[in-house]
**Q** 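The following block contains the structure, expressed as structure tokens.
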Protein chains: 2
Amino acid sequence: MRQGEYELLWGGQARPGRGRPPGLSRERIVAEAVAIADAGGLAKVSMKHLAERLGSGVMSLYRHVPGKDELVVLMYDSLMAGPLPMPESDHWREVLRGWGLGIRELFLAHPWALNVATSDRSMGPNEATWVDGVIGRLAAVGLPVDLGLLAVLTVDCFAMGGVWPEIGGAESGEAFFRFLGDPAARERFPHLARVADPAFTPDAPLENHFEFGLERILDGLERRIEAKD
Amino acid sequence: MRQGEYELLWGGQARPGRGRPPGLSRERIVAEAVAIADAGGLAKVSMKHLAERLGSGVMSLYRHVPGKDELVVLMYDSLMAGPLPMPESDHWREVLRGWGLGIRELFLAHPWALNVATSDRSMGPNEATWVDGVIGRLAAVGLPVDLGLLAVLTVDCFAMGGVWPEIGGAESGEAFFRFLGDPAARERFPHLARVADPAFTPDAPLENHFEFGLERILDGLERRIEAKD
DNA sequence: CAACTTTGCGTATGAAGTACGCTAATTAGC
DNA sequence: GCTAATTAGCGTACTTCATACGCAAAGTTG
């Protein structure tokens, strides 16, 4: 993690009335950067490109954001500025399922965020609000906080890893298993070949692995919770 | 994914006898790059630095590797050149647990690999060998291939996400939850505060979340497998 | 209106990846 | 052996980025 990242995320932005009023704002910069990344990936977010989009000079950005790495962290935390993904249900299982599916949607909508999430960083205020929120909700419907913390972490971790094969859509999935197009490869990897087997997939398609994994995790948690009773 | 990445990973390296014999080799370049990344992170791997370490000119590297992005993909696949993490046991649960813990060890030993793993890429031959190997092993001990494929994918996904909080060691973990040092933050996020509660953590420390999550997944799979019988 | 404060931003610097083309080293064929 | 073909090594130059620095612009306070 970069030095200063913590202050950046958690430090207050005291804004004295004196001096020239800002034309730019951190919020606008971050929002525009997110829009660029959503459209073309993190690689498309350069200070130059960003400044052009905002109609400002490149160096003006540095009055509002310490540097690019810090900007990326702010971008990530800004994704969780809205309300938590939280179903109405009063059952812990539904709450956790909704949470997991919500995280998945987040990453599917902002594929670049996965690489940020899995980098070395500190938790931002919005993310903290989300996580604290689910744990609290789980506690409210009867799941002890300790267990809730671990359960949320488990679902979170799975969701981060689990969306990865889904990111990029169909073309990407094909690229990942592209080598299975070669008969020699299918012979070399007979079990993996199942993925590419046309006689198998359409008739009895593999379950979606994300939903499969999530349900397995919920099942596993259920066993643990029942055992505690 | 970059164009040409597929050919890079899966294409043969026909080496005709004619011409000047190579002093460098792809293997040596990749191995040295991995060593640099292990020691100082991916950011330390620059073509210049790498060439210096190998005692060659910068542009010589491009005779063996198309570019830096491709080099990183080769680095990642090279991590799985060795034998699979595979316990002796004949029970699917032990096999899967060993697999999950093995993946975890891999990422802990090579923290930079997590960001590569979660990027858009194609599967390399070594990785394919590993994955095909576990599925085959699971099939050999009685788990149907379809279920094995999903199970491995689930454990894999969880492992990728699950090692993330562990990467970087204690200092990093503290940095991630650093905001909890502020009493105001602990009041704002009462449930998360539990993580930083000294009266709670030492006496009854939270279970390791990786092992917790892995066991929950295995429990969930067990329920599913028993239901099928 | 003068002193002060804060923002906007042009210029310059340095690091990184890599296209191009020349040179060196080796083999294949005569 | 000699020559042509082939392949590797690599210096130079160019591009793209992030960003340090310093000054000008636009406000506020007294």
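The figures here come from the full heavy-atom set of this structure, side chains too, leaving out hydrogens, waters and symmetry mates. No experiment lies behind these values; they were computed from the predicted model shown. All chains are named by letter (A, B, ...) in the order of the sequence lines, taking the proteins before the strands, and each is independently numbered beginning at 1.
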**Q** Find the distance B:Met47:CE to D:dG11:C1' and express it as a whole number of Å.
**A**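 In whole Å, D:dG11 C1' lies 16 Å from B:Met47 CE.
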**Q** Whole-Å distance between C:dG17 C1' and B:Leu42 CG?
**A** 15 Å
**Q** Starting from C1' on D:dG27, measure out to CG on A:Leu24 and report it in whole angstrom.
**A**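 The answer, rounded to whole Å, is 16 Å.
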**Q** How close or far is atom P of D:dC10 from atom CG of B:Leu50, stated in whole angstroms?
**A**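 Distance, rounded to whole Å: 13 Å.
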**Q** Between B:Lys68 and C:dG17, is there a contact of a side-chain N or O with OP1 or OP2 at under 4.0 Å?
**A** yes
**Q** Name the closest nucleotide to the B:Ser60 side chain, picking from C:dG17, D:dA18, D:dC10.
**A**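 Among the listed nucleotides, the one closest to the side chain of B:Ser60 is D:dC10.
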**Q** Would you say that B:Asp182 contacts B:Arg188 through its side chain, given a criterion of any heavy-atom pair below 4.5 Å between the two side chains?
**A**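 The answer is no, as the side chains (C-beta and beyond) never meet within the 4.5 Å cut-off.
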**Q** Could you tell me how far apart A:Glu70 (CD) and D:dA18 (C1') are, to the nearest whole angstrom?
**A**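 My rounded result for the distance is 11 Å.
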**Q** Starting from the 5' end of DNA chain D, give me the residue, B:Gly55 or A:Gly67, whose nearest nucleotide shows up first.
**A** B:Gly55
**Q** Whole Å only: how far is the NZ atom of A:Lys44 from the P atom of D:dT16?
**A**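 Spelled out: NZ on A:Lys44 to P on D:dT16 is 13 Å.
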**Q** Using a 4.5 Å cut-off on heavy atoms from C-beta on, say whether the side chain of B:Glu105 contacts that of B:Pro85.
**A** no
**Q** Under a 4.0 Å threshold between the charged nitrogen and the carboxylate oxygen, would B:Glu32 count as salt-bridged to B:Arg28?
**A**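 No salt bridge links B:Arg28 with B:Glu32.
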**Q** Taking only the side-chain nitrogens and oxygens of A:His49, find out if one of them lies under 4.0 Å from OP1 or OP2 of D:dC17.
**A** no
**Q** Here's one to test your reading of the geometry: is the NZ or CZ of B:Arg104 within 45 degrees of the ring axis of B:Phe107 and under 6.0 Å from its centre?
**A** no
**Q** Inspect the contact between B:Glu127 and B:Arg121 and indicate whether a charged nitrogen and a carboxylate oxygen are less than 4.0 angstrom apart.
**A** yes
**Q** What string of B, S and - do you get for nucleotides 22-30 of chain C, 5' to 3', when a contact is any protein heavy atom under 4.0 Å?
**A** --BBBSS--
**Q** To the nearest angstrom, how far is B:Tyr62 atom OH from C:dG21 atom C1'?
**A** 16 Å
**Q** Using the side-chain heavy atoms of B:Met59, tell me which of these nucleotides is nearest: C:dT7, D:dG9, C:dC20.
**A**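 Out of C:dT7, D:dG9, C:dC20, the nucleotide with an atom closest to B:Met59's side chain is C:dC20.
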**Q** Mind checking whether B:Val45 and B:Trp112 have side chains closer than 4.5 Å, heavy atoms only?
**A**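 Side-chain contact under 4.5 Å: no.
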**Q** How are the rings of A:Phe210 and A:Phe158 set relative to one another: parallel (under 30°), tilted (30 to 60°) or perpendicular (over 60°)?
**A**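 Rings of A:Phe210 and A:Phe158: tilted, 30 to 60°.
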**Q** From C:dA16, D:dT12, D:dC21, pick the nucleotide closest to the side chain of B:Ser46?
**A** C:dA16
**Q** Could you state the atom-to-atom distance from CG of A:Leu54 to C1' of C:dT7 in whole Å?
**A** 15 Å
